[in-house]
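Before anything else, here's the structure in question.
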Amino acid sequence: MSTPDNTMQVTSLPNLAQILPYLLGHYPDDSIALHAPGPNFLDGPTMTCPLPEDTAEWRAAAENAARQFVGYAHDRGHDPAQGVIIYLCREPRPGQSPEDTAALLAPIGTWLTNEFARHRATVLITIGLIADRWWAYECDIDGCCEGEPLPSPDDPTSVVAQMTRLGRTSGPRTRDIIKEFRATADPDFLKDLHAAADHFNTRCATNAGADATLALTLDQIDAAMSQFHDGATALSRALTTQLIVGLQDDAAVEAGIAHAEDDDLPHARRLWAYLARHCAAPFTQEAVPILTLFAFVAWRQGDLIAARLALRDAITTNPDYELATGIHLGTINGEDPRELLASAREGSAHLATHLHHAVQVASEYIPTDTNPARYREALDIATANYMPQGLTEDRKLSARHGTVDVIDGALTDFRNDRPQLMDEIAARIILGLQDRETRDAALSTGEESGLPYERQLWGYLARRCVPPHTDKAPPLLTLLGWVAWRQDDTITATHAFTDALDINPGYELAKILLHGIRTECEPAALLAAFRDTAARSAARADGAR
């Protein structure tokens, strides 16, 4: 058996054992490796399958590997009936000798052979590779082919010596390849990652928040890539945690794929590997999209081994992550990664346009990052003092009138170009509007000249509904959306109503108004109904006085 130029000979079992890392391009630690030799031995399909740590899972893994390999070989025009070589690779665990490990692996060869036979595939030989020694399991001579050391590179007939003469080097071990992207735990970092994940989830509670967060993530990807282009090998802890959680959004991953032009590749690879190394348990799920980005870059670089190993980790963690499985199939089927890159670039450009518009719209009312502690404290105090369930009907009515009076005063300030309220006044209005009848009394029924000031007030108050008071935003968003609709700004109105329903899916007024927009209802009809209701409420109030 020889290479195409007949300069490399594989004529013995020791050679057969030693050739594996040259055959695969790497040494597969703790794996089953399968090879169906072609006319020149190195030709022909190969496949690796990781061995689970739990030995109880080995039989299922072996039988599944055999079935997959038969299909894979046929797809490449090779008949596995002509012969398959099995390699079983595993390093001894603590307290385990190479002989113990060899005995542990022996049944795998039998399971593979039996499964191959069911599919009309022939096993030529099963080689065990353990601690730089080899076993040939088909040899039934006592003491023969058991635990022999691999040939010395000094032996001129060894595979290593022959490959060295050809200028080829042995592929690295799996354990050395995965060091590039395999995570290591840092308890302090993981605490910060927990906090970043909580903040991310809170911000993404509404469509507007999700859009704003995604826009921020895209900016952060650009910033991180720029830093790594300039030679950085690490990011600040804040940026690292925010990128890891931000990349859980599929749209952010697509933007990450777009950073895979030729000049980007080495820097992108270092960036994704850096982030993946920070995704230790319990954040292994967060590593999946990042490992997929790393794998895509490695694929673009032609490093199929690193790509597949990263994808193996990703798919093992989340078998349903379609991008990882799609890229994995692409590496197997010889697809061109530049097609995915072109698609990602186009999608990312459309996304950037959408986000720019959506973030501009939502900036009118999305909770602010300015003075959040102050706004939170004011709402905390107001909430502690707000006990409508303990009030008589007369006191409730008085409270409603009081809130409406405060709103009228606030609108007067906004008309007079004083668009600032004391924290306790703003919090009082926000809490007062949680009452449905107070909110209805505040619905805009006035002339168009007053709409800009009402819109400004509702947006101003909505921006103060910072976590954990986000649940108080729906009345403000609904009032703002109604004013925007009256101004023929159905885009802002739709966003505001939708975000109100994201926070409280049962918020009926937002549902009604959003339905009105979607069915192209004229707001004039609703305005007339609201004015009629307001007039009747005012009449009842006058009668009560």
Pick out which of I315, T292, L291 makes a side-chain contact (heavy atoms from CB on, under 4.5 Å) with Y321.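 The passing option is T292.
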How are the rings of Y274 and F228 set to each other: parallel, tilted or perpendicular (split at 30° and 60°)?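 The rings of Y274 and F228 sit tilted, inter-plane angle from 30° to 60°.
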Closest approach of L311 and A324, non-hydrogen atoms and distance?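 Minimum heavy-atom separation between L311 and A324: CD2-O, 3.6 Å.
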Would you say the ring centroid of W272 lies under 6.0 angstrom from that of F296?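 No.
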Donor-acceptor contact present, side-chain D435 to main-chain T438, <3.5 Å: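 Yes; at least one donor-acceptor contact below 3.5 Å.
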For residues 239-258, pull every pair meeting ring-ring contact (aromatic ring centres under 6.0 Å, His included), keeping only residues two or more places apart or in separate chains.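 Sorted result for residues 239-258: empty, none.
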Using the ring-ring contact (aromatic ring centres under 6.0 Å, His included) rule, collect all pairs that involve residues 412-449, keeping only residues at least two apart or in two chains.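 Qualifying pairs: F414-Y460.
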Among residues two or more places apart or on two chains, list those pairs meeting salt bridge (Lys or Arg N to Asp or Glu O under 4.0 Å) that have a residue in residues 456-471.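 Sorted pair list: D423-R464.
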Anything under 30° is parallel, anything over 60° is perpendicular, the rest tilted; go ahead and classify F497 against W485.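 Answer is perpendicular, since the angle exceeds 60°.
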How would you list, by chain and number, every residue that makes a salt bridge (Lys or Arg N to Asp or Glu O under 4.0 Å) with D320, sequence neighbours excluded?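 Listed in chain order: nothing, the list is empty.
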Got a sec, which residues hit side chain to side chain donor-acceptor pair (under 3.5 Å) with R277, two or more places apart in sequence or on another chain?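 In terms of side chain to side chain donor-acceptor pair (under 3.5 Å), with neighbours along the sequence ignored, R277 is linked to no residue.
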Is H469 close to I430 at the side-chain level, that is, under 4.5 Å between some pair of heavy atoms?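 Result no, sub-4.5 Å side-chain heavy-atom pair not found.
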Quick one: ring pair (Phe, Tyr, Trp, His ring centres under 6.0 Å) partners of Y365, sequence neighbours excluded?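 Counting only residues at least two positions away or on another chain, Y365 forms no ring pair (Phe, Tyr, Trp, His ring centres under 6.0 Å).
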Do H259 and D222 meet the criterion of a side-chain donor-acceptor pair at a distance under 3.5 Å?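 Yes, because at least one side-chain N or O of H259 sits under 3.5 Å from a partner of the opposite role on D222.
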Atom pair CZ (R300) and CD (E261), whose distance is rounded to the nearest 0.5 Å: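 Here the rounded value is 6.5 Å.
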What pairs with D75 under side chain to side chain donor-acceptor pair (under 3.5 Å), at least two apart in sequence or on another chain?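 D75 satisfies side chain to side chain donor-acceptor pair (under 3.5 Å) with no residue once adjacent residues are dropped.
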Kindly compute the distance separating CG (L461) from CG (L421), expressed to the nearest 0.5 Å.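 Separation between the atoms: 6.5 Å.
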Sequence neighbours left out, what pairs pass salt bridge (Lys or Arg N to Asp or Glu O under 4.0 Å) with at least one residue falling in residues 500-517?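 Qualifying pairs: E508-K511.
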Given side chains that start at C-beta, do those of R455 and E364 come closer than 4.5 Å, heavy atoms only?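 In short, these two side chains touch, coming nearer than 4.5 Å.
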Which pairs pass salt bridge (Lys or Arg N to Asp or Glu O under 4.0 Å) with one or both residues in residues 402-417, sequence neighbours excluded?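 Found D413-R418.
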Using the ring pair (Phe, Tyr, Trp, His ring centres under 6.0 Å) criterion, which residues pair with H328? Sequence neighbours excluded.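 Checked H328 against ring pair (Phe, Tyr, Trp, His ring centres under 6.0 Å); zero matches.
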What pairs of residues pass the side-chain hydrogen bond (donor to acceptor under 3.5 Å, both in side chains) test when at least one of them lies in residues 183-202, not counting sequence neighbours?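 Counting only pairs at least two positions apart or across chains, the side-chain hydrogen bond (donor to acceptor under 3.5 Å, both in side chains) contacts touching residues 183-202 are D192-R237.
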Are V297 and L271 packed together at the side-chain level, in the sense that at least one heavy-atom pair is separated by less than 4.5 angstrom?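 V297 vs L271: side chains apart.
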Taking only residues two or more places apart in sequence or in another chain, which ones pass ring pair (Phe, Tyr, Trp, His ring centres under 6.0 Å) with Y72?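 If we apply the ring pair (Phe, Tyr, Trp, His ring centres under 6.0 Å) test to Y72, skipping adjacent residues, there are no hits.
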